[in-house]
Amino acid sequence: MSELADYALFLDFDGTLVEIAPRPDAVRVDPGLVPTLERLRTRLGGALAIVTGRPVTVIDDFLAPARFDVAGLHGVEQRVDGRLSGGRPEDHPALRAGVERLHAETARYEAVLIEDKGASVAVHWRLAATADAEAAETIVKAVAADLGGAYRLQLGKAVGEIVPAAATKGHAIRAFGEAAPYAGRRAIFLGDDRTDEIAFASVNADGGISVRIGDGETVAPYRLATPADVRALLTAWAEGGAVDPEALPRA
Ligand SMILES: O=P(O)(O)OC[C@H]1O[C@H](O[C@H]2O[C@H](CO)[C@@H](O)[C@H](O)[C@H]2O)[C@H](O)[C@@H](O)[C@@H]1O
């Protein structure tokens with residue numbers, strides 16, 4: 001067991017802090033979550049950040065009125081201590097054309113949703129019939145392939161996203177670690193999805209602790225079952241409980 005001040009805490013949003021919902025805008029934030037995160041951030045000397053596929057502005061809306069450090073769009077944009085960098089749509093004209101193509105090619109699939117995030121885009125098929133979901137996946141794979149090496153396809157939970165290739169959550173966590181209050185601390189990262197596996201690998205390689213939420217194959221050594229379990233853990237830590245991430249259930 002170590003002092004809480006030895007750690008920097010990185011938290012995925014969907015499927016980790018909040019339960020998965022039928023649509024991106026239907027997520028419900030537990031009323032206790034924001035006060036818990038604020039108290040925990042104080043205990044950590046500020047070393048707490050959200051690392052998510054969502055835009056920073058959307059995380060701000062969900063977690064209002066608090067403002068946290070956030071790596072958004074899978075690391076494409078980053079806000080640290082109130083300063084935002086990255087994630088400008090105008091830097092991605094080829095992607096913008098790809099978004100138009102996605103709208104055109106998925107228009108006939110009623111339950112397929114395009115989540116346009118400016119410097120990235122997600123095609124959601126959670127609500128679609130199987131055949132339509134397969135068609136949507138084929139379309140997003142084709143558009144990603146045609147965009148070439150500057151972009152990558154990120155498959156997640158009933159979603160395919162196209163993201164600038166250089167950005168990953170692993171890079172984002174390392175970038176946080178370059179400056180105070182994160183520098184010199186051991187990273188703890190909690191996430192639930194395939195996108196989080198990239199970051200688990202780099203956190204593990206850097207001597208940090210990774211925790212997979214929910215089922216599925218993982219390189220994380222530890223696992224919690226549900227976002228409710230995550231919130232209970234964070235509440236215990238926020239209230240001054242012992243911080244012993246290595247005592248968490250093994251994956
Ligand atoms: O990195 P995360 O914070 O886990 O975000 C990953 C993506 O999550 C969202 O989509 C997922 O959650 C939705 C709401 O529960 C769900 O309807 C969808 O099926 C999931 O794929 C979000 O909409 C994306 O922008 C994030 O990249």
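Whatever order the structure lists them in is the order used to number ligands and atoms, beginning at 1. Source: prediction; values computed, not measured.
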Quick check: [X] and ligand 1, any N/O pair under 3.5 Å apart?
{"X": "Gly53", "result": "yes"}
{"X": "Lys157", "result": "yes"}
{"X": "Val27", "result": "no"}
{"X": "Val159", "result": "no"}
{"X": "Glu161", "result": "yes"}

For ligand 1, which atoms, with element, lie under 4.0 Å from some heavy atom of [X]?
{"X": "Thr52", "answer": "1 (O), 2 (P), 3 (O), 5 (O)"}
{"X": "Arg23", "answer": "14 (C), 17 (O)"}
{"X": "Glu115", "answer": "22 (C), 23 (O), 24 (C), 25 (O)"}
{"X": "His74", "answer": "27 (O)"}
{"X": "Phe13", "answer": "3 (O)"}
{"X": "Lys169", "answer": "1 (O), 2 (P)"}
{"X": "Lys117", "answer": "24 (C), 25 (O), 26 (C), 27 (O)"}

State whether [X] and [Y] are salt-bridged, where the test is any N-O pair (Lys NZ or Arg NE/NH1/NH2 against Asp/Glu carboxylate O) under 4.0 Å.
{"X": "Arg108", "Y": "Asp132", "answer": "no"}
{"X": "Arg212", "Y": "Asp192", "answer": "no"}
{"X": "Arg185", "Y": "Asp6", "answer": "no"}
{"X": "Arg41", "Y": "Asp69", "answer": "no"}

Side chain to side chain, [X] and [Y], heavy atoms closer than 4.5 Å:
{"X": "Leu190", "Y": "Leu9", "value": "yes"}
{"X": "Asp14", "Y": "Arg54", "value": "yes"}
{"X": "Ser202", "Y": "Lys169", "value": "no"}
{"X": "Lys141", "Y": "Leu155", "value": "yes"}

Quick check: closest heavy atoms across Pro227 and Gly15, and the distance to 0.1 Å? CG-O, 3.4 Å

Pick one of side chain, backbone, both or neither for how Pro24 approaches ligand 1, counting any non-hydrogen atom pair under 4.0 Å. both

Under 4.0 Å between heavy atoms, the region of Pro22 that gets near ligand 1 turns out to be backbone

Give the cluster check for Leu33 versus Val230: same hydrophobic cluster or not, with ILVMFWY residues linked at side-chain heavy-atom distances below 4.5 Å. yes

List the closest protein heavy-atom neighbour of [atom]: residue, atom name, distance to the nearest 0.1 Å.
{"atom": "atom 10 (O) of ligand 1", "result": "His124 CE1, 3.5 Å"}
{"atom": "atom 19 (O) of ligand 1", "result": "Arg126 NE, 2.6 Å"}
{"atom": "atom 16 (C) of ligand 1", "result": "Ala21 O, 3.3 Å"}
{"atom": "atom 2 (P) of ligand 1", "result": "Asp12 OD1, 2.8 Å"}

Any side-chain donor paired with an acceptor under 3.5 Å for Glu161 and Ser120? no

Do the two ring centres, one from Phe176 and one from Tyr182, sit under 6.0 Å apart? yes

Would you tell me which option among Arg194, Arg54, Gln154 has the nearest heavy-atom contact to atom 22 (C) of ligand 1? Arg54

Given Leu17, Asp14, Ile20, which has its nearest heavy atom closest to atom 8 (O) of ligand 1? Asp14

Please confirm whether Asp193 approaches ligand 1 to less than 4.0 Å, judged on its heavy atoms. no

His92 and Tyr151 aromatic ring geometry - parallel, tilted or perpendicular at 30°/60° bounds: perpendicular

